[in-house]
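So you know, we letter chains A, B, ... as the sequences are listed, proteins then strands, and number each from 1.
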Protein chains: 2
Amino acid sequence: MESGPDSVLTRREPVEITDKRLLRGARTRETVLRHAVDIASLDGLEGLSFGRLAADSSLSKAGIQTLFKTKEALQLAAIDHARDLFVETVIEPARTTPRGLPRLRALIEYWLAYIEAPLFTGGCFWMAAIPEQDSRPGPVLDALLRDRHAWVRVLEHELRRAVTAREIAELDVELAAFQIDSVLCATNTALRVGDPAAMRRARRIVDGFLTAP
Amino acid sequence: MESGPDSVLTRREPVEITDKRLLRGARTRETVLRHAVDIASLDGLEGLSFGRLAADSSLSKAGIQTLFKTKEALQLAAIDHARDLFVETVIEPARTTPRGLPRLRALIEYWLAYIEAPLFTGGCFWMAAIPEQDSRPGPVLDALLRDRHAWVRVLEHELRRAVTAREIAELDVELAAFQIDSVLCATNTALRVGDPAAMRRARRIVDGFLTAP
């Protein structure tokens with residue numbers, strides 16, 4: 001992803017590991033985190049515990065604890081892992097489309113796909129974690145909000161380009177990005193509770209913002 | 001509140017109790033439930049336990065268990081109690097304004113007040129509980145969704161009246177109600193994490209829907 005206001009939404013560079021023991025450790029870490037993000041998407045980040053991850057992954061509780069040390073470190077690692085998967089699934093595929101309106105449409109379609117055939121078992125990772133963490137200020141909430149804001153900035157950025165290029169009618173870019181994001185979040189909730197009209201409704205609403213000038 | 005599509009959003013009639021022992025039980029129940037809805041607004045309905053309520057209320061765990069029998073019954077009673085308080089705070093005060101546009105504006109203002117100086121410690125009760133319960137199908141989730149749908153139906157109902165009375169421009173009532181509600185929910189989240197622009201932004205967006213024909 002290009003640098004700029006949205007550069008926080010980039011995948012972290014994988015570190016090249018040649019030492020076999022370290023490689024095994026890195027793979028174990030990856031396996032544990034893949035379970036962790038699914039659990040958090042269902043039950044929030046408080047539901048993450050070394051014991052539960054051990055039960056789910058056939059690894060020992062002590063082994064997992066050695067990898068992550070504290071529950072907070074585990075929660076932060078899960079957020080990093082979720083962001084990498086999100087970037088890989090929603091942000092990077094959209095980079096092949098031209099900036100402005102086409103990329104905006106691609107981002108929204110990849111986002112809807114991300115919750116329709118959910119990347120995380122419980123749907124959007126951040127929508128599950130933030131309502132739980134919003135009464136717990138600290139580095140975990142900060143990390144969740146940094147990702148959320150970065151996503152809304154990405155929407156604003158492409159909306160602004162689409163307006164400047166006269167691909168869509170003049171609008172208040174910040175208000176529109178907030179509204180589109182609000183609708184996407186509400187669509188995530190609607191899908192989780194089996195509302196059959198959710199996807200079609202989301203697309204109709206988005207179309208309302210992206211009208212020709 | 002008038003009967004009709006939104007009649008689920010009415011306060012339950014208080015039962016007149018004259019027996020002193022029963023009266024004391026009813027008061028205890030009310031005290032416990034007031035704590036319960038605050039806990040649930042912060043930590044969701046899974047955070048409710050007889051032990052935690054006992055610690056918060058100087059009542060015995062056994063006494064609280066006798067009142068509610070099961071955790072599910074406690075959760076359902078908390079939802080009923082939250083709805084009564086919501087109706088009293090948001091729905092009933094708006095009934096003094098004429099139906100259509102004035103009542104719609106009143107409902108939205110009372111709703112924003114409900115989350116700005118929060119009626120429940122953690123902000124909107126349903127927005128805290130639904131993301132947690134959406135992976136747990138059953139009567140608790142059903143009760144939460146029934147209330148949510150009833151609220152969106154109330155918005156639709158007044159929007160439709162406002163359109164019919166030509167108080168606002170023609171619009172797709174269901175889409176607009178869904179969008180207004182999405183923005184209100186996102187505003188609840190924004191307030192919880194201390195976003196200073198939240199209230200003004202919500203009002204600007206709502207104004208965009210309620211323009212003259």
Side-chain angles (χ1 to χ4, degrees), chain A residues 38-39 41-44 46-47 118 120-137 141-142 144-145 148-149 152 171-172 174-195 197-198 200-209, chain B residues 38-39 41-44 46-47 118 120-137 141-142 144-145 148-149 152 171-172 174-195 197-198 200-209:
Chain A
D38 280 333
I39 292 175
S41 76
L42 283 167
D43 292 340
E46 293 309 302
F120 306 113
T121 314
C124 181
F125 176 87
W126 291 267
M127 285 303 97
I130 290 175
E132 177 200 61
Q133 293 293 320
D134 65 11
S135 53
R136 296 173 169 85
L141 179 60
D142 292 346
L144 291 167
L145 294 180
R148 285 283 302 139
H149 292 155
V152 180
L171 44 67
D172 183 315
E174 284 181 32
L175 276 200
F178 178 82
Q179 285 183 81
I180 291 172
D181 178 61
S182 301
V183 164
L184 294 181
C185 292
T187 301
N188 174 60
T189 306
L191 280 180
R192 303 282 76 70
V193 299
D195 176 347
R200 206 170 51 88
R201 186 175 52 213
R203 291 198 176 93
R204 281 184 62 200
I205 293 171
V206 167
D207 284 345
F209 286 98
Chain B
D38 280 333
I39 292 174
S41 75
L42 283 167
D43 293 340
E46 293 308 303
F120 306 113
T121 314
C124 181
F125 176 88
W126 292 266
M127 286 302 98
I130 291 175
E132 176 199 63
Q133 293 293 322
D134 64 11
S135 53
R136 296 174 170 83
L141 179 59
D142 292 346
L144 291 167
L145 295 179
R148 286 281 302 138
H149 292 156
V152 179
L171 45 67
D172 183 314
E174 284 181 33
L175 277 200
F178 178 81
Q179 285 183 80
I180 291 172
D181 178 61
S182 300
V183 164
L184 294 181
C185 292
T187 301
N188 174 60
T189 306
L191 281 179
R192 304 281 76 72
V193 298
D195 177 347
R200 205 169 51 88
R201 186 175 54 214
R203 291 199 176 94
R204 281 183 63 199
I205 293 172
V206 167
D207 284 345
F209 285 97

Colleague: What part of A:L175 lies closer than 4.5 angstrom to a heavy atom of chain B: side chain, backbone, both or neither?
Modeller: both
Colleague: Quick check on A:L42 against chain B: is it the side chain, the backbone, both or neither that has a heavy atom closer than 4.5 Å?
Modeller: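 Its backbone and side chain both get close to chain B.
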Colleague: Using a 4.5 Å heavy-atom cutoff, which residues in residues 183-193 of chain B come close to chain A?
Modeller: B:V183, B:A186, B:T187, B:T189, B:R192, B:V193
Colleague: How long is the straight-line distance from CZ of B:R204 back to CD of A:E174, given to the nearest 0.5 Å?
Modeller: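 Reported to 0.5 Å precision, the distance equals 8.5 Å.
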Colleague: Can you list the residues that meet the salt bridge (Lys or Arg N to Asp or Glu O under 4.0 Å) rule with B:D142, with sequence neighbours excluded?
Modeller: none
Colleague: Look at B:T121, B:D181, B:L145 and state which one has the largest set of heavy-atom pairs under 4.5 Å with chain A.
Modeller: B:L145
Colleague: About how many Å separate CD of B:E132 and CD of A:E132, when rounded to the nearest 0.5 Å?
Modeller: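 Rounded to the nearest 0.5 Å, the CD-CD separation comes to 8.5 Å.
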Colleague: Would you mind checking which part of A:R148 comes under 4.5 Å of any heavy atom in chain B, side chain (CB onward), backbone (N, CA, C, O), both or neither?
Modeller: neither
Colleague: Under 4.5 Å from any heavy atom of chain B, what part of A:D172 do you find: side chain, backbone, both or neither?
Modeller: side chain
